[in-house]
Amino acid sequence: MEKIVLLGKTPEELKEIAVAAGLPQYAGKQIARWLYVRRARSIDEMTDLSKAGRESLKERAEVGVIEPESFVTSTDGTRKYLFKVRCRITESEWEESFIEAVMIPDGERKTLCVSSEAGCKMGCRFCMTGRQGFHGYLSARDILSQILSIEESADLTNVVFMGMGEPLDNYEEVKRALDVMTEPWGLAWSPKRVTVSTIGVIPTLKRFLDESRCHLAVSLHDPFPEERASLMPVEKAYPLKDILALIRRYDFTGQRRVSFEYTMFSGLNDSLRHADELARLLRGLECRVNLIRFHKIPDFDYYTSSPDAMEAFRERLERRGVTATIRASRGEDIFAACGLLAGQHGK
Ligand code: SF4
């Protein structure tokens, strides 16, 4: 019999598992505390459960933290972890895959960039993850393992869902992981420490905006619909104008923030005409634009914009009233930078 995985479960669900194992109802809360506050790796560690209860629980359940297979460290301190996971493709089909998480140190901050899917089905032309196709949805357990198993786990200040996959294509499991991270019974992080990045899957974007208080980042990359569609096929199903109309219905003037990611391709989307149109689309919205250097991938003819072109673009946005920053690129030597994650074993 396959064992029940405790990691990712709510106290209510843990209560049911505990009762089925002959433990009292309140053991659900005790187990949640062991999992998320004390970060236990085995049921044996849960010493305030009776010995008999622990034995009975062990017969049917396991904690389930997945340890990384390996890691590589960049000259700039960025570290890329490789995990082997078994993930769902359809209701009845499962596949073993490799996924990656990237830890980025920056002064006092340690940010972890987590994956939400193995590969990705969205097919953005400039992205290595998209190139490898879709290999399955990660479970909340797989997502939380990336956070809980790594050496820097206790020191993480932020988590961003910007690794492999489109988080809002796997909303139920991502939401479950977000709940564990931010609920008082879980890791109890402030939602301000977590950012979910999406290309704009509108139905689940709406649910995310309604059901979570975590920050939002939207991959924008081009303000003109036809050009954006040639880079990101999702534009045809969920146009940017509809995404922005939805976002404008929510309040980003308080604690919650929205940012827009804009990867810069020389001669494609880096003209001042593009900056003007971008500023027009974002007018009046409390937000930030992050300009990102493109990392060349095979069979895509564009190169990154020059530092001068990026600075001119940034200045133009600022002059038009849009806050914009050029994001430093990290971990390039270990292929950990934006758009380069491919889950290649042993890379
Ligand atoms: Fe998927 Fe994001 Fe890559 Fe697009 S950029 S293919 S959504 S991982």
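Nothing fancy with the numbering, it's 1 onward along the sequence. We count ligands from 1, going down the list as the structure has it; atoms in each ligand are counted the same way.
Checked for salt-bridge contact, R273 and E227 meet the test: a charged N lies under 4.0 Å from a carboxylate O.
Between the side chains of T75 and D333, at least one donor-acceptor pair of N or O atoms lies under 3.5 Å. Between D308 and S306, the side chains place no donor N or O within less than 3.5 Å of an acceptor N or O (distance only, hydrogens not considered). Y81 and E151 form no side-chain donor-acceptor contact under 3.5 Å, judged by distance and modelled atom types alone.
In the candidate list M232, R131, M122, M122 is nearest to atom 7 (S) of ligand 1, counting heavy atoms. The closest heavy-atom contact to atom 2 (Fe) of ligand 1, among the options G165, G130, P233, comes from G165.
Distance alone, capped at 3.5 Å, is enough to place a donor-acceptor pair between the R256 side chain and the L209 backbone.
Nearest non-hydrogen protein atom to atom 1 (Fe) of ligand 1 is C120 SG, 2.3 Å.
Near I199, meaning under 4.0 Å from one of its heavy atoms, ligand 1 places the atoms 7 (S). Interface of C127 with ligand 1, defined as ligand atoms under 4.0 Å from a residue heavy atom, comprises 3 (Fe), 5 (S), 6 (S), 8 (S).
The parts of C124 lying near ligand 1 are both backbone and side chain, judged by heavy-atom distances below 4.0 Å.
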